[in-house]
Asks: 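My structure is below; once you've seen it, I'll send some questions.
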Amino acid sequence: MFNKRTKIKQLLEGDKANFETTVMGWVRTFRNNQFIALNDGSTNNNLQVVATLGLLDDATMKRITTGACIKATGEIIESLGKGQRVELKATAIEILGDSDAEKFPLQPKKHSLEFLREIAHLRMRTNTFGAIFRVRHSLAYAVHKFYNDRGFVYMHTPIITGSDAEGAGEMFKVTTLPLDGTAPKNDDGSINYKEDFFGKSTNLTVSGQLEGELAAMSFSDIYTFGPTFRAENSNTTRHLAEFWMIEPEVAFNDLEDNMNLAEDFIKYIIKFAVDNNGDDLAFLAQRLEEEEKQKPQNERSEMGLLDKLKFVVDNDFERLTYTEAIEILRESNHNKKKKFQYLIESWGTDLQSEHERYLVEKHFKKPVILTDYPKEIKSFYMRQNDDGKTVAAMDILAPGIGEIVGGSQREERLDKLLQRMEEMQIPVEEMNFYLDTRRFGSCPHAGFGLGFERLVLFVTGMTNIRDVIPFPRYPKSAAF
RNA sequence: UCCUACUUAGCUCAGUUGGUUAGAGCAUCUGACUGUUAAUCAGAGGGUCGCUGGUUCAAGUCCAGCAGUGGGAGCCA
């Protein structure tokens with residue numbers, strides 16, 4: 001069998017030596033015509049393959065270049081040199097795939113993240129991105145494990161949606177109609193979508209929440225985990241046009257239950273990565289530390305990556321209402337000395353990211369859950385509080401990332417929901433499928449959305465969201 | 001979309017008040033090297049200075065437009 005080989009991770013972690021094996025992987029460096037640092041992606045650590053003199057002819061030797069793929073067979077022995085416990089003393093080396101050294105863009109040296117972003121198809125072969133995407137995998141696995149262990153049903157909500165009113169931003173249109181102006185038209189000149197593939201106007205989903213609510217009205221506890229799409233012209237380190245979102249929706253939960261679920265969930269998956277990806281996180285922590293050294297002293301973070309993750313897992317998130325947050329901000333020296341670009345004056349305006357950062361990074365120095373926002377700045381489906389001014393919303397803000405979770409208790413009372421939809425000009429006739437849940441056996445329920453990439457950012461210590469998804473999609477960019 | 005900085009060799013960057021053949025480190029290539037750890041040593045090749053136009057005797061350098069990238073803001077997850 002061709003693929004009979006041992007993974008490098010297994011060889012390096014085992015405590016055995018003096019046995020025959022075969023490894024396959026990609027050459028990172030080739031030193032002294034003798035030492036091959038081989039990586040197969042199972043771990044960031046390389047296996048040292050030793051090609052003793054005379055094993056290879058000159059022509060084959062020349063083909064062992066950075067990036068080449070090789071198969072090496074030999075004996076695992078305790079290393080004669082320092083720096084590694086074991087090494088492979090090769091008895092045979094076969095080139096599986098050549099890599100022209102003059103053209104292969106990755107060199108055994110430091111590259112900028114901007115450059116690597118241009119070669120996203122090859123950047124996974126670097127230590128940094130190898131670590132990031134193994135951590136990303138673990139986090140994704142932990143998401144499913146967390147909900148499965150608690151009896152949640154994983155719902156696949158549609159990616160193509162017929163609902164125009166998911167209410168979370170600009171949508172990408174999905175159509176098979178021609179774009180050259182010859183699409184069928186209505187009498188008033190608008191496009192006649194009855195002729196389109198689905199017989200109506202359709203878009204890529206911006207959220208699975210509405211469908212998730214329908215499912216929660218049947219299974220009690222559900223979650224979604226899938227891609228979502230926003231056609232916003234957002235050019236930031238925190239936004240993508242295509243990103244993955246986790247949206248649990250739970251019948252019979254109120255806002256406090258919702259907060260407890262979100263906090264437990266975040267702590268669980270971070271702990272899972274800490275417990276299962278120690279090597280990768282240690283590498284990323286060291287990388288971050290070196291990057292921090294470039295910064296001036298006052299901009300450096302007080303904690304290293306691993307300490308920060310441990311702190312989040314071990315400590316309660318700070319919970320306070322929007323109204324309390326406004327008071328803290330208004331009374332802060334920062335506000336009084338007019339250091340905010342947008343000064344806090346009155347109740348009712350939305351918080352700017354500088355305010356969120358102040359609360360999270362300066363005042364509390366831990367994740368913060370803000371609740372009970374003014375209804376004017378939140379979505380129609382959020383449950384109205386008895387004060388008539390606020391809704392049962394909650395946002396979780398993380399240090400360095402900002403909003404990582406947005407959620408709420410949903411409005412289960414049909415009359416209140418209809419009234420809110422009217423005020424916010426949501427087309428009721430298109431939402432009948434959603435309103436049916438309030439007509440037939442409505443119940444209190446709550447849920448939230450967590451941006452997966454933002455969580456990966458937080459756990460890996462990376463700063464640009466384009467570096468934590470394999471093939472990022474953002475304005476003017478859909479390469480690969 | 002707005003504000004701001006940047007764009008010079010494969011990569012990371014120098015390049016003075018506009019002045020003659022545009023530099024370095026790493027990478028690559030050639031050679032040396034049997035215990036190296038981003039190996040080391042010697043030598044060589046490599047540039048339409050983002051694109052378009054303008055000012056000038058003369059533009060990598062000054063001006064305008066466009067494009068791309070970084071950072072910040074808005075929108076949000």
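Here is how names work: the chains are called A, B, and so on, in the same order as the sequence lines, proteins then strands, and each is numbered from 1.
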Asks: Please give, in whole Å, the distance from B/C76 P to A/Asp350 CG?
Replies: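 Atom CG in A/Asp350 sits about 7 Å away from atom P in B/C76.
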Asks: Name the nucleic acid region contacted by A/Asn464, choosing base, sugar-phosphate or nothing; use a 4.0 angstrom heavy-atom cut-off, strictly under.
Replies: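 Here A/Asn464 touches the backbone only, sparing every base.
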Asks: Of all the choices, B/U12, B/U69, B/C76, which nucleotide is nearest to the side chain of A/His239 once you look at every atom?
Replies: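 Selected nucleotide: B/C76.
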Asks: Using whole Å, what does the distance between atom P of nucleotide B/U36 and atom NZ of A/Lys89 come to?
Replies: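 Those two atoms, NZ and P, are 17 Å apart.
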Asks: So if I take every side-chain heavy atom of A/Gln352 and compare against B/A73, B/G71, B/C33, which nucleotide ends up nearest?
Replies: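 When the side chain of A/Gln352 is considered, B/A73 is the closest of B/A73, B/G71, B/C33.
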Asks: Scan every strand shown for a Watson-Crick or G-U wobble partner of B/A39, both distances under 3.5 Å, and answer none if you come up empty.
Replies: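 Base partner found: none.
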Asks: What nucleotide, of B/U69, B/C75, B/A77, holds the atom closest to the side chain of A/Glu114?
Replies: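 That would be B/U69.
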Asks: How would you label the contact of A/Thr66 with the nucleic acid (heavy atoms, under 4.0 Å): base, sugar-phosphate, or nothing?
Replies: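 The answer is nothing, as A/Thr66 stays clear of every strand by at least 4.0 Å.
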Asks: How long is the span from the CG atom in A/Leu12 to the CD atom in A/Glu87, to the nearest 0.5 Å?
Replies: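 Reported value, rounded in 0.5 Å steps: 11.5 Å.
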Asks: Taking the minimum atom-to-atom distance to the side chain of A/Ala101, which one of B/G31, B/C29, B/G70 wins?
Replies: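 Of B/G31, B/C29, B/G70, B/C29 is nearest to the side chain of A/Ala101.
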Asks: Any idea which of B/U1, B/C11, B/U36 is nearest the A/Lys109 side chain?
Replies: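 Looking only at side-chain atoms, A/Lys109 lies closest to B/C11.
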Asks: Identify whether any heavy atom of A/Glu87 sits under 4.0 Å from a base atom; if not, whether one sits that close to sugar-phosphate; answer base, sugar-phosphate or nothing.
Replies: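 Contact class for A/Glu87: base.
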Asks: Whole angstroms only, please: what is the NE2-C1' distance between A/His111 and B/U28?
Replies: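 Checked: the NE2 to C1' distance equals 13 Å.
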Asks: For A/Phe35 and B/A39, are the ring centres under 5.5 Å apart with planes inclined under 30°?
Replies: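 Taking the rule of under 5.5 Å and under 30°, the ring of A/Phe35 does not stack on B/A39.
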Asks: Can you confirm whether A/Glu318 sits close enough to A/Pro367 that some side-chain heavy atom of one is under 4.5 Å from a side-chain heavy atom of the other?
Replies: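 No; the side chains remain at least 4.5 Å from each other.
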Asks: Which nucleotide in the list B/C75, B/G70, B/G72 gets nearest to the side chain of A/Arg238?
Replies: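 For the A/Arg238 side chain, the nearest candidate turns out to be B/C75.
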Asks: Looking for any heavy atom pair under 4.0 Å, which part of the strands does A/Phe115 touch: base, sugar-phosphate only, or nothing?
Replies: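 A/Phe115: backbone/sugar contact only, no base atoms under 4.0 Å.
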Asks: Under the rule for salt bridge (charged side-chain N to carboxylate O under 4.0 Å, His left out), what residues qualify as partners of A/Lys365, not counting sequence neighbours?
Replies: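 Once residues adjacent in sequence are excluded, the partners of A/Lys365 under the salt bridge (charged side-chain N to carboxylate O under 4.0 Å, His left out) criterion are A/Glu302.
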Asks: Decide, yes or no, whether a salt bridge links A/Glu403 with A/Arg238 under the criterion of side-chain N to carboxylate O below 4.0 Å.
Replies: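 Here A/Glu403 does not pair with A/Arg238 in a salt bridge, since their nearest N and O are not under 4.0 Å apart.
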Asks: Looking at the base of B/U37, is there any donor atom on it, or on the side chain of A/Gln84, that sits under 3.5 Å from an acceptor on the other one?
Replies: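 Answer yes: a donor N or O sits under 3.5 Å from an acceptor.
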Asks: Counting side-chain heavy atoms from C-beta on, which of B/A39, B/C75, B/A77 comes nearest to A/Arg230?
Replies: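 The listed nucleotide nearest to A/Arg230's side chain is B/A77.
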Asks: Does the ring of A/Phe146 carry A/Arg150 above it, NZ/CZ under 6.0 angstrom from centre and within 45° of its axis?
Replies: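 Positive - A/Arg150 is close enough to the ring of A/Phe146 and near enough to its axis.
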Asks: Between B/A39, B/C11, B/G74, which one does the side chain of A/Ser234 approach most closely?
Replies: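 Given the options B/A39, B/C11, B/G74, the side chain of A/Ser234 is closest to B/G74.
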Asks: Base, sugar-phosphate or nothing for A/Leu80? Non-hydrogen atoms, less than 4.0 Å.
Replies: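 Base contact.
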Asks: Let me know the distance between CD1 of A/Ile36 and C1' of B/U36, rounded to the nearest Å.
Replies: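 One finds 12 Å between C1' of B/U36 and CD1 of A/Ile36, rounded.
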Asks: Taking the ring of A/Tyr147 and the ring of A/Phe225, is the distance between their centroids below 6.0 Å?
Replies: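 No: the rings miss the under 6.0 Å criterion.
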Asks: Applying a 4.0 Å non-hydrogen cut-off, can you work out what A/Lys103 is touching in the nucleic acid: base, sugar-phosphate, or nothing?
Replies: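 Result for A/Lys103 = nothing.
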Asks: If you check the A/Leu240 side chain, which of B/A77, B/C75, B/C11 turns out closest?
Replies: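 Nucleotide nearest to A/Leu240's side chain: B/A77.
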Asks: Please give, in whole Å, the distance from B/A39 P to A/Arg31 CZ?
Replies: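 After rounding, the reported distance stands at 5 Å.
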Asks: By nearest atom, which of the nucleotides B/A77, B/U28, B/G74 is closest to the A/Glu102 side chain?
Replies: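 Between B/A77, B/U28, B/G74, the one nearest the side chain of A/Glu102 would be B/U28.
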Asks: Provide the distance between the two C1' atoms, one in B/U61 and one in B/G18, to the nearest whole Å.
Replies: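 It works out to 6 Å between them.
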Asks: Please figure out whether A/Leu351 or A/Gln34 has its closest RNA chain B nucleotide nearer the 5' end.
Replies: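 Comparing both residues, the 5'-ward one is A/Gln34.
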